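The analysis underlying the following values was restricted to heavy atoms, covering all of them including side chains, and did not include hydrogens, waters or symmetry mates. Positions are given from 1 along the sequence. Here the structure is a predicted model, which means the values were calculated and not measured.
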Amino acid sequence: MNVFRIPEFLSEREASICYERVLEREDELMALGEHKYPRVNSKDNLTGRYRYYNALEDPVVGPIVLPKYRILFGSGKWLQCWFNAFRKGDRIQPHRHHDPQDPGQKFLKPFTSCNLFLGGNRSGGTIYDGTTFENHVGELLVFEAGILHWTDAYEGDDVRVTMATDIHVRKNNPVMIKLK
């Protein structure tokens, strides 16, 4: 299994700024359109708005994360990035970002995905092919988009906030941005 950890990808301060920004903008992002992701157990969740915006265009989050992504992935890649905000009992069911068995994805070339833990209760982690990776504030997990991954029900009394990113070699949808 290819999951790579990059500890302290964001400092605790940078992660805290991003965490607060997501909570500040959550209602605005939720209003962009209806929830369109069936693998989240709640019927209305920020994860289901991933098609409507790119988190890297946020004027607070973008300047913190984009320079680091440029160093890590190089220029010329296309990124789709969204926020996840889970409250007590929320979970994301097993899924893959790239599934060649899905008729809507059969023409996609394999790509890379990331999960950046911004804050919340650290318990639970994210499970990749049956292996649990603990949450660490500011840590970036980089993985092959075809890896099956999920979370168990969130147990914290606060909000677990992450930022997910898919990195492609070409633009596949209108909300993607190009690393320059």
Side-chain angles (χ1 to χ4, degrees), residues 1-26 29-30 35-51 54-56 58 60-61 64-66 68-69 71-73 79-99 102 110-168:
M1 169 177 44
N2 290 321
V3 177
F4 302 97
R5 299 181 100 128
I6 303 177
E8 300 175 16
F9 181 74
L10 296 184
S11 69
E12 284 195 29
R13 182 177 179 279
E14 290 170 324
S16 177
I17 291 168
C18 293
Y19 178 88
E20 293 300 327
R21 179 63 173 174
V22 173
L23 295 179
E24 179 183 303
R25 288 198 63 208
E26 186 175 15
L29 295 172
M30 293 282 285
H35 178 87
K36 290 191 176 190
Y37 191 71
R39 290 189 174 93
V40 176
N41 70 320
S42 64
K43 294 179 178 164
D44 198 21
N45 188 284
L46 191 55
T47 302
R49 285 8 187 243
Y50 74 96
R51 303 169 190 233
N54 193 308
L56 296 170
D58 182 275
V60 173
V61 174
I64 293 171
V65 178
L66 274 170
K68 296 170 188 263
Y69 273 178
I71 292 168
L72 187 60
F73 299 113
L79 280 64
Q80 180 173 0
C81 186
W82 63 98
F83 300 121
N84 302 293
F86 288 176
R87 288 169 173 77
K88 188 171 231 145
D90 288 346
R91 69 180 295 266
I92 193 160
Q93 299 170 2
H95 68 286
R96 293 175 168 86
H97 291 206
H98 180 241
D99 184 357
D102 179 342
F111 57 93
T112 301
S113 294
C114 301
N115 185 32
L116 178 59
F117 184 71
L118 298 174
N121 186 308
R122 293 182 24 175
S123 67
T126 302
I127 305 156
Y128 295 87
D129 274 345
T131 301
T132 300
F133 285 75
E134 292 180 5
N135 293 316
H136 297 282
V137 172
E139 182 172 76
L140 182 71
L141 297 177
V142 181
F143 59 98
E144 296 173 8
I147 291 178
L148 188 67
H149 60 287
W150 65 94
T151 65
D152 290 332
Y154 185 59
E155 296 177 2
D157 291 324
D158 55 4
V159 184
R160 175 188 191 261
V161 176
T162 63
M163 189 172 82
T165 306
D166 289 339
I167 300 100
H168 295 265

Subject >> Residues forming a salt bridge (charged side-chain N to carboxylate O under 4.0 Å, His left out) with Arg51, sequence neighbours excluded >> reply: none
Subject >> side-chain hydrogen bond (donor to acceptor under 3.5 Å, both in side chains) against Thr132, all qualifying residues, sequence neighbours excluded >> reply: none
Subject >> For Phe111 against His97, the heavy-atom pair lying closest together >> reply: CZ-O, 3.4 Å
**OP:** Can you establish whether the number of heavy atoms outside Glu155 located under 6.0 Å from its atom CD is more than 12?
**Re:** no
Original post:
Rounded to the nearest 0.5 Å, how far apart are OG of Ser16 and CZ of Arg21?
Top reply: 14.0 Å
**OP:** Nearest 0.5 Å please: distance from the OH atom of Tyr128 over to the CG atom of Asn2.
**Re:** 13.0 Å
Subject >> Qualifying residue for side-chain contact (heavy atoms from CB on, under 4.5 Å) with Pro94, from Asp129, Thr151, Leu148 >> reply: Leu148
Subject >> Distance (rounded to the nearest 0.5 Å) between Thr126 OG1 and Asp152 CG >> reply: 9.5 Å
**OP:** First locate atom CZ of Arg5, then atom CD of Glu134, and finally report the distance between them rounded to the nearest 0.5 Å.
**Re:** 6.5 Å
Original post:
Do any N or O atoms from the side chain of Gln80 and from the backbone of Tyr50 form a donor-acceptor pair under 3.5 angstrom?
Top reply: yes
**OP:** Could you tell me which residues satisfy ring pair (Phe, Tyr, Trp, His ring centres under 6.0 Å) with His136, sequence neighbours excluded, listed by chain and number?
**Re:** none
Original post:
What pairs with His98 under side-chain hydrogen bond (donor to acceptor under 3.5 Å, both in side chains), at least two apart in sequence or on another chain?
Top reply: none
Original post:
With sequence neighbours excluded, what pairs up with Asn54 under the side-chain hydrogen bond (donor to acceptor under 3.5 Å, both in side chains) test?
Top reply: none
Original post:
Looking only at heavy atoms, which two atoms of Gly156 and Lys88 are closest? And how far apart?
Top reply: O-CB, 3.5 Å
Subject >> Partner set under salt bridge (charged side-chain N to carboxylate O under 4.0 Å, His left out) for Arg87, not counting sequence neighbours >> reply: Glu26
Subject >> Residues that Thr165 engages under side-chain hydrogen bond (donor to acceptor under 3.5 Å, both in side chains), provided they are two or more places apart >> reply: Tyr69
Original post:
Which residue pairs satisfy the salt bridge (Lys or Arg N to Asp or Glu O under 4.0 Å) criterion with at least one member in residues 6-20, sequence neighbours excluded?
Top reply: Glu14-Lys68
Original post:
Looking only at heavy atoms, what is the nearest atom pair of Asn135 and Ser123, with distance?
Top reply: ND2-O, 3.7 Å
Subject >> Where Thr162 and Phe117 come nearest, the two heavy atoms and their spacing >> reply: CG2-CD1, 3.9 Å
**OP:** With sequence neighbours excluded, tell me which residues meet salt bridge (charged side-chain N to carboxylate O under 4.0 Å, His left out) with Arg49.
**Re:** Asp44
Original post:
Looking at Leu46 and Leu29, what are the two nearest heavy atoms and their distance?
Top reply: CD1-CB, 3.6 Å
Original post:
What pairs with Asp166 under salt bridge (charged side-chain N to carboxylate O under 4.0 Å, His left out), at least two apart in sequence or on another chain?
Top reply: none
Original post:
Distance from Asn84 atom CG to Thr47 atom OG1, nearest 0.5 Å?
Top reply: 3.5 Å
Subject >> Heavy-atom pair of closest approach, residues Trp150 and Gln93 >> reply: CB-C, 3.6 Å
Subject >> CG on Leu79 to SG on Cys114, rounded to 0.5 Å >> reply: 7.5 Å
Original post:
Within the side chain of Tyr19, is there an N or O that forms a donor-acceptor pair under 3.5 Å with the backbone of Val159?
Top reply: yes
Subject >> Backbone N/O of Asn121 and side chain of Tyr154: donor-acceptor pair under 3.5 Å >> reply: yes
**OP:** Could you name each residue pair satisfying salt bridge (Lys or Arg N to Asp or Glu O under 4.0 Å) that touches residues 115-125, not counting sequence neighbours?
**Re:** none
**OP:** Measure the acute angle between the ring planes of His149 and His95, then classify it against the limits of 30° and 60° as parallel, tilted or perpendicular.
**Re:** tilted
